Amino acid sequence: MSAGVEDLRRELTRAAVSLGAPDSIVPLLERPRDPAFGDWASNIAMVLAKSLGLKPRDFAERLIAALDRSAAGISSAEIAGPGFINFRLDAGTVSRGMLALLEASAHYGRSGVGAGRPVVVEFVSANPTGPLHVGHGRQAALGDAISSLLEWTGWNVSREFYYNDAGVQIENLALSTRARVQELRGAALAIPDGGYHGTYIAEIGEQYVAEHPEDAAGDDLDALRRFAVAALRQEQDLDLQAFGVVFDTYYLESSLYEDGRVDKTVAALIASGNTYEKDGALFLRTTDYGDDQDRVMRKSAEKGGTFTYFLPDVAYHVTKWERGFTRAINVQGSDHHSTVTRVRAGLQALGVGIPEGYPEYVLHQLVTVLKGGEEVKISKRAGSYVTVRYLIEEVGRDAVRYFFLMRKGDSQLSFDVDLARAQNEENPVYYIQMAHARLAGIFRVGEIDPAGVTGAGVDFGQLALVEETELMKALLDFPAVVANAADALEPHRIATYLHDTAGRIHGWYHKAHVLNEPEEIMRARLFLARTAQLVIKNGLALLGVSAPDRM
RNA sequence: GCGCCAGUAGCUCAGUCGGAUAGAGCAACAGCCUUCUAAGCUGUGGGUCGGGGGUUCGAUUCCCUCCUGGCGCGCCA
């Protein structure tokens with residue numbers, strides 16, 4: 001956590017408890033809006049005063065009297081307004097924190113609350129029926145950043161991609177490919193209902209014929225299916241590569257059928273007594289677990305007698321648990337939010353000890369794409385949609401990543417392609433990268449090795465500008481920001497923090513010259529430049545965005 | 001009809017466990033380059049935090065209700 005703050009929190013707790021507060025009290029410490037108030041503020045006196053039968057300001061006074069300032073690492077504590085207590089950290093606390101920052105360097109911001117426990121983060125999980133579209137892009141950026149946040153807070157993360165390579169949609173893919181193959185031979189195009197109309201299917205059809213001259217008519221549906229799936233998987237892999245996202249595992253839906261897990265799961269659910277048959281179909285009593293209606297697991301014979309999608313989904317999540325992932329996070333589009341209750345219900349119905357909130361879900365709102373001032377409809381059927389690859393080629397990987405991460409997942413996102421392209425010079429990601437590049441420029445021009453900067457001999461008294469003290473405070477906040485963002489599974493907090501911190505760096509850079517200043521000043525400012533650079537670089541790394549030394 | 005998400009400056013959005021004068025970028029206006037990157041900095045203007053009620057020392061934040069928008073509610077996946 002932020003250097004000094006935990007000491008202050010601990011000492012504040014001790015003092016409050018000694019005055020009669022409950023042991024469980026955790027004082028809230030926050031940055032005052034106005035830095036003139038101090039470094040940290042607490043409302044603890046207002047929270048506790050009533051239950052202790054005191055006026056807030058009176059209680060605050062006793063609390064301050066009970067504080068051991070040196071243990072708390074503060075130089076002053078003042079009562080303000082209705083009963084806030086404003087604290088100022090002593091100089092030693094700040095300088096120790098800054099030295100610890102440099103010491104940690106590339107590791108600064110990491111913490112160990114995860115204690116090496118395993119967590120599986122599932123994201124993208126696109127069906128192999130087309131290239132990745134802009135919605136997958138948001139999910140890829142979000143899932144990867146959440147994974148990084150968890151890694152930075154000590155979790156043992158596995159990034160997983162679930163492939164729906166079984167079932168109706170793959171059958172439709174095979175049939176659509178066959179229709180294209182037959183079209184090549186002069187037949188009228190006959191794409192089935194629920195099939196795929198995109199022109200990329202035609203390209204796959206051409207490749208198939210070229211590589212399978214023995215089946216120029218497309219009679220072998222099995223071979224067509226395998227070929228099309230392989231081709232689209234490769235396309236998606238290339239998309240992910242271009243985006244810089246690497247998965248640890250790919251889990252195939254088809255394997256759940258092959259190894260009997262689907263059948264086993266049905267049997268277990270029936271044995272649990274949570275199912276019933278109606279109109280020839282097998283239902284699971286999901287209403288017992290909060291769903292608004294019971295769901296079909298296996299269709300009636302007249303509908304084919306096959307399983308609905310959600311059964312293999314349950315079987316799949318059982319494997320996550322059995323593979324030792326006591327924590328599982330699914331990143332999905334909000335259009336799938338109805339599956340949340342269902343999957344959890346299925347896992348609970350099995351009664352195998354999986355906790356109620358398993359898996360956790362991060363749902364993001366959908367992305368609309370604007371182009372030429374008009375919304376581009378994302379439709380696989382019509383074959384018209386904006387791909388991840390296109391966005392990357394247009395505005396670059398860093399900008400795409402940052403755009404997808406700068407907003408809360410709960411907010412709808414409208415990605416204006418023209419604007420993103422035209423915005424090249426006013427893009428927030430460049431603003432942040434520029435802060436890093438400017439700092440790197442100081443070392444380059446001064447011919448100083450940034451890695452050689454040490455805290456030795458730095459006189460922190462030289463860093464007395466408001467821009468400098470405020471920047472140091474921001475830098476010392478970074479670990480707490482990372483921890484909070486990881487806890488909330490909200491990478492946009494890192495983006496917001498970086499933008500704010502970059503602004504402080506630009507302001508400082510403009511005001512405080514570094515090179516060719518008197519020795520003491522230059523040494524202190526080089527130290528600040530180096531530490532600020534590290535924080536920006538670490539933060540951008542968390543988001544999967546590069547931190548160039550020169551722009 | 002029911003469920004989930006959202007509604008904050010002209011636009012796009014932040015706002016942590018309820019705190020002090022609600023913030024940033026873009027857009028607008030006025031300034032700043034012989035010194036480490038002007039992809040930058042400084043300043044100005046701009047708000048019924050969707051409406052109404054409630055809880056309390058205090059509500060953008062919590063509760064209720066209504067309005068608006070997106071998504072979902074299938075023996076599709």
Side-chain angles (χ1 to χ4, degrees), chain A residues 26-28 30-34 37 41-43 46-47 49-50 55-56 80-84 86 127 129 164 167-170 172 194 278-283 290-293 295-310 312-313 333-341 363-366 368 406-414 416 419 423-428 430-431 433-435 437-446 448 480-481 484-485 487-488 490 492-493 495-497 499-500 503 505-517 525 529 550-551:
Chain A
V26 178
L28 171 63
E30 59 186 2
R31 294 289 198 200
R33 197 171 301 284
D34 186 344
F37 289 148
S42 179
N43 65 346
M46 288 180 284
V47 173
K50 200 170 186 178
K55 288 178 183 169
F84 290 103
N86 293 325
N127 294 341
T129 53
N164 287 107
V168 181
Q169 77 277 19
I170 296 302
N172 283 330
K278 188 182 150 199
D279 302 330
L282 185 65
F283 282 76
D291 207 350
D292 55 355
Q293 54 181 292
R295 303 292 168 175
V296 173
M297 295 178 0
R298 189 178 60 217
K299 303 175 203 169
S300 60
E302 61 204 51
K303 295 278 185 181
T306 55
F307 298 113
T308 57
Y309 82 96
F310 115 89
D313 238 26
S334 65
D335 54 336
H336 288 100
H337 80 255
S338 62
T339 68
V340 174
T341 309
L363 299 178
H364 64 86
Q365 295 291 314
L366 300 185
T368 54
M406 64 190 280
R407 284 170 198 162
K408 245 187 338 195
D410 298 343
S411 300
Q412 278 171 243
L413 180 67
S414 112
D416 188 329
L419 185 69
Q423 218 179 11
N424 226 17
E425 301 199 339
E426 287 153 0
N427 207 313
Y430 291 116
Y431 183 80
Q433 289 179 319
M434 187 61 196
R438 280 179 135 179
L439 297 175
I442 296 173
F443 292 97
R444 186 172 55 245
V445 171
I448 298 162
V481 172
N484 289 337
D487 192 52
E490 291 183 348
H492 80 275
R493 296 190 192 196
T496 305
Y497 167 84
H499 195 268
D500 176 76
I505 291 170
H506 286 304
W508 172 69
Y509 180 91
H510 180 79
K511 181 142 181 190
H513 199 262
V514 178
L515 300 175
N516 304 315
E517 295 289 322
R525 288 181 177 170
R550 193 196 284 267
M551 292 181 73

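Chain A is the first sequence line, chain B the second, and so forth, proteins listed ahead of strands; every chain is numbered from 1. Just so you know, these numbers come straight off a predicted model, no measurement behind them.
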*Compare the ring of A/H513 with the six-membered ring in the base of B/rC36 and state whether they stack (centres under 5.5 Å, planes under 30°).*
yes
*Looking only at atom P, what distance separates B/rC64 and B/rC4, rounded to whole Å?*
10 Å
_Base, sugar-phosphate or nothing for A/S300? Non-hydrogen atoms, less than 4.0 Å._
base
*Pairing nucleotide - B/rA14, Watson-Crick or G-U, each distance under 3.5 Å*: none
*Just to confirm, is there a sub-4.0 Å distance from OP1 or OP2 of B/rG70 to any side-chain nitrogen or oxygen of A/S414?*
no
*How long is the line joining CZ of A/R438 and C1' of B/rU35, in whole Å?*
13 Å
*Tell whether A/Y309 reaches the base of B/rA77 with its side chain through a donor-acceptor pair below 3.5 angstrom.*
yes
*Output yes when at least one side-chain N/O atom of A/K55 is less than 4.0 Å from OP1 or OP2 of B/rC57, else no.*
no
*asked:* Counting the atoms with a prime plus P, OP1 and OP2 as sugar-phosphate, which does A/E302 contact under 4.0 Å by heavy atoms, base, sugar-phosphate, or nothing?
replied: nothing
*Would you say A/F283 and A/R298 make side-chain contact, with heavy atoms under 4.5 Å?*
no
*Closest to the A/T308 side chain: B/rG15, B/rC75, B/rC71?*
B/rC75
*When you get a sec, tell me which of B/rU37, B/rC5, B/rC73 is the closest nucleotide to the side chain of A/D410?*
B/rC5
*asked:* Working note: A/H513 + A/R525, criterion side chain to side chain donor-acceptor pair (under 3.5 Å); need CA distance, chi angles, decisive distance, verdict.
replied: CA-CA 8 Å; A/H513 199 262; A/R525 288 181 177 170; over 6 Å; no
*Taking the C1' atom of each, how far is B/rA77 from B/rU60, in whole Å?*
39 Å
*Integer angstrom distance from the C1' of B/rU35 to that of B/rC17*: 48 Å
*At what distance, to the nearest 0.5 angstrom, does CE of A/M434 lie from CG of A/L439?*
10.0 Å
*Provide, to the nearest angstrom, the distance between the CG atom belonging to A/D292 and the P atom belonging to B/rG1.*
16 Å
*Look through every strand shown and name the nucleotide pairing with B/rG72 as Watson-Crick or G-U wobble, where both distances are under 3.5 Å.*
B/rC2
*Would you mind reading off the distance between A/R407 atom CZ and B/rG15 atom P, rounded to a whole angstrom?*
13 Å
_Within 90° of 0 counts as syn, otherwise anti: where does B/rC33 fall?_
syn
*Out of B/rA39, B/rG40, B/rG25, whichever nucleotide has its closest atom nearest the side chain of A/H499*: B/rG25
*Is any side-chain heavy atom of A/L366 closer than 4.5 Å to a side-chain heavy atom of A/Q412?*
no
_Applying a 4.0 Å non-hydrogen cut-off, can you work out what A/D279 is touching in the nucleic acid: base, sugar-phosphate, or nothing?_
base
*For A/G167, which contact category applies under a 4.0 Å heavy-atom criterion: base, sugar-phosphate, or nothing?*
nothing
*Phosphate oxygens OP1/OP2 of B/rC4: is one of them under 4.0 Å from a side-chain N or O of A/Q365?*
no
*Considering only heavy atoms from C-beta outward, does the side chain of A/T339 approach that of A/Y309 to under 4.5 Å?*
yes
*Can a side chain N or O of A/Y431 be found less than 4.0 Å away from OP1 or OP2 on B/rC41?*
yes
*Indicate, with a heavy-atom threshold strictly under 4.0 Å, whether A/R444 touches base, sugar-phosphate, or nothing.*
base
*Measure from CE on A/M406 to P on B/rU12 and round the result to the nearest Å.*
13 Å
*Phosphate contact (B/rC4 OP1 or OP2) by A/H336 side-chain N/O below 4.0 Å*: no
*Heavy-atom side-chain contact between A/H499 and A/M406 under 4.5 Å*: no
*Integer-rounded Å distance: B/rG15 C1' and A/Y497 OH*: 17 Å
*Syn versus anti for B/rC11, judged by chi lying within 90° of 0?*
anti
*Quick one: is A/R525 getting a side-chain N or O under 4.0 Å of the B/rC36 phosphate, OP1 or OP2?*
no
*Heavy atoms under 4.0 Å, any strand shown: does A/A440 hit a base, just sugar-phosphate, or nothing?*
nothing
Every protein N/O lying under 3.5 Å from an N/O of nucleotides 17-21 of chain B:
unit_1: B/rG19; atom_1: N7; unit_2: A/N43; atom_2: ND2; d: 2.9
unit_1: B/rA20; atom_1: OP2; unit_2: A/R33; atom_2: NE; d: 3.3
unit_1: B/rA20; atom_1: OP2; unit_2: A/R33; atom_2: NH2; d: 2.9
unit_1: B/rA20; atom_1: N6; unit_2: A/N86; atom_2: OD1; d: 2.7
unit_1: B/rA20; atom_1: N1; unit_2: A/N86; atom_2: OD1; d: 3.4
unit_1: B/rA20; atom_1: N1; unit_2: A/N86; atom_2: ND2; d: 3.3

_Most 5' of A/N516 and A/H506 on RNA chain B, judged by nearest nucleotide_ = A/N516
*So, is A/K299 near the phosphate of B/rA77, with a side-chain N or O under 4.0 Å from OP1 or OP2?*
yes
*How many angstroms lie between atom CG of A/L515 and atom CD1 of A/I448, to the nearest 0.5 angstrom?*
5.5 Å
*Taking C-beta and beyond as the side chain, do A/F84 and A/M46 meet within less than 4.5 Å on heavy atoms?*
yes
*Answer with base, sugar-phosphate or nothing: what part of the nucleic acid does A/K511 contact at a heavy-atom distance below 4.0 Å?*
nothing
*Which whole number of Å gives the distance between the P atom of B/rG23 and that of B/rG43?*
14 Å
_Could you identify the nucleotide paired to B/rU61, looking across every strand shown and requiring Watson-Crick or G-U wobble geometry with both distances under 3.5 Å?_
none
*Of all the choices, B/rA39, B/rU16, B/rG74, which nucleotide is nearest to the side chain of A/Q293 once you look at every atom?*
B/rG74
*Between B/rG70 and B/rU8, how far is it from one P atom to the other, in whole Å?*
15 Å
*Out of B/rA39, B/rU37, B/rU16, which has the shortest distance to the side chain of A/Y509?*
B/rU37
*Return the value, rounded to whole Å, for the distance between atom CZ of A/R550 and atom P of B/rU37.*
9 Å
*B/rC33 pairs with which nucleotide, Watson-Crick or G-U wobble, both distances below 3.5 Å?*
none
*Take atom NZ of A/K299 as the centre, draw a 6.0 Å sphere, and report whether it contains more than 12 heavy atoms from other residues, nucleotides or ligands.*
yes
_I'd like the C1' distance from B/rA27 over to B/rC11, given in whole Å._
7 Å
*Could you tell me whether the side chain of A/H364 reaches within less than 4.5 Å of the side chain of A/S334, counting heavy atoms only?*
no
*Going by heavy atoms in the side chains, are A/R295 and A/T308 under 4.5 Å from each other?*
no
*Within this structure, what is the CE-to-P distance between A/M551 and B/rG40, rounded to whole angstrom?*
10 Å
*Kindly point out which of B/rC75, B/rA38, B/rA39 is positioned nearest to the side chain of A/M434?*
B/rA39
*What nucleotide among B/rA6, B/rG70, B/rA14 has an atom nearest to a side-chain atom of A/Q412?*
B/rG70
*asked:* Using atom P in both nucleotides, what's the gap between B/rU16 and B/rC63 to the nearest angstrom?
replied: 14 Å
*asked:* Output the rounded distance in Å from CG (A/N484) to C1' (B/rG15).
replied: 14 Å
*Map A/K278 and A/V514 onto RNA chain B by nearest heavy atom, then report which one ends up closer to the 5' terminus.*
A/V514
*Considering only atom C1', compute the distance from B/rC66 to B/rC26 and round it to an integer number of Å.*
34 Å
